[in-house]
Trainee: 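The structure that follows is given in the form of structure tokens.
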Amino acid sequence: HTTTNTTSTSRTQRDGTEPCSRSNSRMASGTPPPPPTPPKHTNRLYEEKSPYLLQHAHNPVDWYAWGQEAFDRAKQEDKPIFLSVGYSTCHWCHVMERKSFEDEEIGRLLSENFVCIKVDREERPDVEGLHDVRTGEDATSGGGGWPMSVWLTPDLRPFIGGTYFPPRDAGRRPGLKTVLTRIMEQWQTNRTTLESSGECVMEALRKVTAIAAAPGEAPPLAPDVANRCFQQLGAEALQMTLHTLRMMALGGIHDHVAQGFHRYSTDASWHVPHFEKMLYDPAQLAVAYFTAFQVSGEQFFADVARDILVYVSRDLSDKSGGFYSAEDADSVPSGGGPEKREGAFCVWTASELRELLGEVLPGATGRASLADVAMRHYGVREQGNVEPEQDPHGELQGQNVLIVRYSVELTAARFGLSVATVTELLASARAKMAAVRSTRPRPHLDTKMLASWNGLMLSGFACVGAALGDEALLQRAERAARFLKEHLWDAEGQTMLRSCYRGDQMEVESTGACCSQSTRCPTLLPRPALRPSYGVKAANQQENKTGRESQNPNDEGCYLMPTQHTKHTIHNTNTHTHTVPVSCSFILVTLRCVVCVEDAH
């Protein structure tokens, strides 16, 4: 199916990235830039709407989306399935696409010997959950992560899995070419062993996804668990939590210039992050930081919560009221170059800051400049502050990730200035850096709007807005509630759709996670007129639907995907929390909220 493309649409245009900033869209001479080179290959993913699938639409691989067409071909041709799962803002997904999936030889091996399926994990968490290396492969290798690479029999039974594979062997890591060649040989000469291995993996998956208890035993009531934890940990647990939240906010995982938090850090001091930003993080962190403020009374935590919501309102909000899914880690460096680099949008050299913040400060010790103050406070070094072990690809050499190294009081004492003056100076420096960053090539924005993550984010705005009495935050929560009802609620089918994109096209039907997380949050809106229309009615309808279609008949739990919408050989009851709370827990919270609101009315 891979063909030579005759259209002039480039891959970077199709995946939504910006190859250059708007200010550089014309050459210095004033003439328009040359038209983009037409892609050499185009596969069937070109017709998909998922930003992640579109990023692979011009690989020399005969990709299928997850569906019956791919399953039928695998059975007809008796070929193993190569299942590749990721998401559009995943750094290592980009690396594997660029190095492995754009390799012509590997593309030929995949297309001729396997049925290749590409899945967006945010669209189909049920697919990922059932073949995830964190469940199936964990049972054999203890590994996990993204991209997820799994090989299946034609009847969808996984028999081997992994994560990132370089194109060729590298040290002790086998290359994708080697792995493909060995699987092809084993499929032809030792298939019985492979299928037996698949049975072992399936049994491990069944054990991981099952809910079980000893006969006659029941889990303790939630209040009992909470009381026991408090008795055992007491004030120490609270201090541990507050310390962690404080250090995260001071660390490089927190974007000190443009607000928000990056997805995770690679070191114990929260310094060097992987730079993607995911919606589910601010959704949960806003509530966590504001709860910390309520418990401790420290204004610092409330300021961080507001900071998070400012970022989401500015950078992840659609005019329809919905919230986008993520911003990428990689972007084109401001100085240009053929390839994107991780963190290019966020990092700074010392010379950049000295040039930008060079004004001398009156009254400062040693005629210090604004750059001197900002660089000391945020740990900026002339040679860069990222250690080599934190930068395996050398993309951050000479660069600085801002991290608060000193309190405002210590910074003020160092330069002989008042605390109030230094606070104003640092705010001025951040504003100037934000203005410069706005001219850099932006990372790719994943404009997919997921019902589940939108529900989490709605809850963040509603909870913080209600506690602060902030009308703007409450209005933003109401807009999100209207978006969910108008664009993702299927009144005829009485179900919440999983996702939509910019425009009016609705996509994959919701999973259990989507149902529970998106319906819980409107019940938390503090407006009596809004609660019945957006909360109780929708929650009652959705939870009834979820219970009928997702109930596990053998265990006390819910399947991740309604049974009539899945081709899986086993069903996932989704009892383990990863990046977002587990579906079953949200269903319970939803039902509790519905009962409370109905009692109040």
Side-chain angles (χ1 to χ4, degrees), residues 134 138 142 144 213 217-256 259-274 278 280-309 377-379 387 390 401-411 413 419 456-457 459-460 462-464 466-468 517 520 524 575-586 588-589 592-593 596:
R134 291 175 305 186
D138 269 358
E217 291 186 3
L221 297 175
D224 295 340
V225 175
N227 289 335
R228 188 180 307 161
C229 288
F230 187 78
Q231 291 168 4
Q232 291 175 349
L233 298 176
E236 183 181 359
L238 174 61
Q239 292 307 314
M240 289 167 62
T241 302
L242 296 179
H243 176 72
T244 297
L245 290 173
R246 184 179 292 107
M247 299 312 294
M248 287 174 61
L250 298 177
I253 193 172
H254 183 200
D255 188 340
H256 297 281
Q259 294 87 35
F261 281 78
H262 302 292
R263 181 164 167 252
Y264 65 92
S265 176
T266 61
D267 55 78
S269 58
W270 305 101
H271 179 200
V272 180
H274 273 302
M278 314 296 292
Y280 54 70
D281 287 327
Q284 297 171 91
L285 284 172
V287 176
Y289 274 98
F290 193 77
T291 303
F293 163 68
Q294 292 177 309
V295 171
S296 68
E298 292 186 45
Q299 185 62 35
F300 171 80
F301 294 115
D303 292 341
V304 176
R306 282 187 179 276
D307 174 276
I308 292 168
L309 298 180
H377 188 74
Y378 289 113
E387 299 299 328
Q390 299 171 306
V401 177
L402 302 186
I403 178 173
V404 177
R405 290 299 191 191
Y406 301 97
S407 67
V408 176
E409 290 78 8
L410 286 175
T411 302
V419 171
L456 283 172
M457 194 69 248
S459 183
C463 291
V464 177
L468 290 177
Q517 291 171 19
R520 168 216 174 189
L524 301 178
T575 58
H576 301 281
T577 288
H578 293 300
T579 53
V580 295
V582 69
S583 304
C584 293
S585 67
F586 258 116
L588 293 175
V589 173
R592 185 188 66 183
C593 289
C596 291

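Reckoned from all heavy atoms, side chains included, excluding hydrogens, waters and symmetry mates. Because the structure is predicted, anything quoted here is derived from the model rather than measured.
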Trainee: List for me each residue that meets side chain to side chain contact (heavy atoms under 4.5 Å, CB included) alongside Asp303, sequence neighbours excluded, and say none if there are none.
Mentor: Gln299
Trainee: Considering non-hydrogen atoms only, spot the tightest contact between Val401 and Pro273 and give its length.
Mentor: CG1-CD, 4.0 Å
Trainee: If we only count heavy atoms from C-beta on, is the Val304 to Met248 side-chain gap below 4.5 Å?
Mentor: no
Trainee: Please name all residues satisfying side chain to side chain contact (heavy atoms under 4.5 Å, CB included) with Val295, sequence neighbours left out, ordered by chain then number.
Mentor: Leu238, Thr291
Trainee: Short question: side chain of His256, backbone of Gly251 - any donor-acceptor pair under 3.5 Å?
Mentor: yes
Trainee: Going by side chain to side chain contact (heavy atoms under 4.5 Å, CB included), name the residues that satisfy it together with Thr241, two or more places apart in sequence or in a different chain.
Mentor: Leu245
Trainee: Once rounded to the nearest 0.5 Å, what's the spacing between atom CG of Asp281 and atom CD1 of Ile253?
Mentor: 7.5 Å
Trainee: Please name the pair of heavy atoms, one in Ala305 and one in Ala286, separated by the smallest distance, quoted to 0.1 Å.
Mentor: CB-O, 3.7 Å
Trainee: For residues Arg246 and Glu298, determine if any side-chain heavy atom of one lies less than 4.5 Å from a side-chain heavy atom of the other.
Mentor: yes
Trainee: Not counting sequence neighbours, which residues clear side-chain hydrogen bond (donor to acceptor under 3.5 Å, both in side chains) with His262? List them please.
Mentor: none
Trainee: Please identify each residue that fulfils ring pair (Phe, Tyr, Trp, His ring centres under 6.0 Å) with Phe293, with sequence neighbours left out.
Mentor: Phe290
Trainee: What I'd like to find out is whether the side chain of Tyr378 reaches to under 4.5 Å of the side chain of Ile403, using heavy atoms alone.
Mentor: no
Trainee: Checking Phe261 now: which residues fulfil ring pair (Phe, Tyr, Trp, His ring centres under 6.0 Å) with it, not counting sequence neighbours?
Mentor: His254, Tyr289
Trainee: So, using ring pair (Phe, Tyr, Trp, His ring centres under 6.0 Å) as the criterion, who are the partners of Tyr264 when residues are at least two apart?
Mentor: His274
Trainee: Nearest 0.5 Å please: distance from the CZ atom of Arg263 over to the OH atom of Tyr280.
Mentor: 4.0 Å
Trainee: Please list, chain by chain and in numerical order, all residues satisfying side-chain hydrogen bond (donor to acceptor under 3.5 Å, both in side chains) with Gln390, sequence neighbours excluded.
Mentor: Asp267
Trainee: Using a 4.5 Å cut-off on heavy atoms from C-beta on, say whether the side chain of Arg306 contacts that of Gln259.
Mentor: no
Trainee: The criterion is salt bridge (Lys or Arg N to Asp or Glu O under 4.0 Å); which residues satisfy it with Asp255, sequence neighbours excluded?
Mentor: Lys277, Arg437
Trainee: Which atoms form the tightest heavy-atom contact between Val287 and Gly460, and what is the distance?
Mentor: CG2-CA, 3.7 Å
Trainee: Working to the nearest 0.5 Å, report the span between OG of Ser407 and CG of Leu250.
Mentor: 10.0 Å
Trainee: Just jot down the side-chain hydrogen bond (donor to acceptor under 3.5 Å, both in side chains) partners of Thr411, sequence neighbours excluded, or say none.
Mentor: His377
